[in-house]
Amino acid sequence: MRMYDLIMKKRNGKALSENEIRYIIEGYVEGNIPDYQMSAFLMAVYFKGMTDEETSIMTDAVARSGDMVDLSGIQGIKVDKHSTGGVGDKTTLIIAPIAAACGVKVAKMSGRGLGHTGGTIDKMEAIPGMKTSFTQEEFFDVVNRTGLSVIGQSGNITPADKKLYALRDVTATVDSIPLIAVSIMSKKLAAGSDCILLDVKTGSGAFMKSLDESIKLAECMVAIGENSGRKTAALITDMDRPLGSNIGNALEVIEAVETLKGNGPEDLTEVCLSLAANMLYLAGRGDISECMEQAKEAIRSGKALENLIAMVEAQGGDTSVIRDTNKFEKAAFSYAVKAPRTGYITHMDTEACGIASMMLGAGRETKDSVLDYSAGIILKHKTGDYVEEGAIIATLFASQEELFEAAEAKFIEAVMIEDQSAEKEPLIFARIELGKVEKYV
Ligand code: URA
């Protein structure tokens, strides 16, 4: 087999066989296929796409390029959740405890934030003492005892994806639906859960900016999951405004705790209940409406909050800040952003809101940036609200006062205020199972 012939075959729009795909991935990881040939292949995929079968085979090959985590040491059904990332997305900290409170196990590896998007591991580390790195035995023990554990990626998971992603990043081939699907699903398959719920974000703060593209990506990932024997479903959720009111690591933990106490903002609560209900559905806990009731009860009874506290304790974190979120260290400075005119907020450029938070110290500009856990933004108003000129629309938090000027300018630029109110967009646009798309718009 020659890489040259396989590049030409894909360039001519033909489907590759299983042997050919495995040859490419194995050859690339072993260093037998050079970057310039792999780049040409990725560009051919970018333009010609891949069939569901090709995508599933490539995902399997990428997943098997490193460790495949065996979660059989954890009793019960294991459900994973993946979000394509956004601003204010603290859902894992809410839905994993809900699922655990309902008897489903969540053994999850999460990532760190980069650029305008946050990462769950950074939020967890905003809890003093919290450890996110464990041996496999310790990880399993935490899940068996508390129902859940969220840790950083450990071991040698999908080395092929790391190499491919770095190449895609410099060859303008990141935004290809089959390549994104392979990248995300290979990590999910390697992580070992029985069921996978995908939260595909759509809108100005998301990777996928349009609904159609988001649905295509979700369909592709659901097909891969199901072809690999994992129960898989996806929700397409809104990221055209930040999720909830708080952006920034400690601020998001505080909001997650409030939501588990039943006092969360409406949008965050609705999205989390739907995600949690779908996790329970995948685990066979009933139909969606029965699962929704179980999720609501887990909050009402306080059980989900207890599960979060149990996980924090088991992972070495200070539970006193969860029991009383006033104990979180506060930012040294705060600054009120005022509405520049009277009218309705008709749009929030969500990526720009995330960048404003990053500029305050809450996010990473580069992989090596140091985070300020107390920094971020609390939104007082969001899309759809009517505001008077001079009313406070958000409060910025930082440890250095001089960070406010540029962050405020970025935030103000992100918020559009007009005379007429805009049409209200739903929070959940669609739900996808294998061969089935339910649209809510
Ligand atoms: N997230 C991933 O893990 N991979 C992609 O290709 C895009 C987003």
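In what follows, residues are counted from 1 in the order of the sequence shown. All ligand and atom numbering here is 1-based and tracks the order in the structure.
Checking Asp89 against Thr91 by side-chain atom types alone, a donor-acceptor pair falls below 3.5 Å. Side-chain contact annotation: Glu125 with Thr132, donor-acceptor N/O pair under 3.5 Å present.
The shortest heavy-atom contact between Ser149 and Val143 is CB-CG2, 3.5 Å.
Closest to atom 3 (O) of ligand 1 among all protein heavy atoms lies Lys187 NZ, 2.6 Å.
A salt bridge does not link Asp5 with Lys9: none of the charged nitrogens is closer than 4.0 Å to a carboxylate oxygen.
Heavy-atom contacts of Phe207 reach the following atoms of ligand 1: 7 (C) (cutoff under 4.0 Å). Every atom of ligand 1 is numbered from 1 in the order shown, and the set under 4.0 Å from a heavy atom of Ser183 is 2 (C), 3 (O), 4 (N), 5 (C), 6 (O).
At least one heavy atom of Ile184 sits less than 4.0 Å from an atom of ligand 1.
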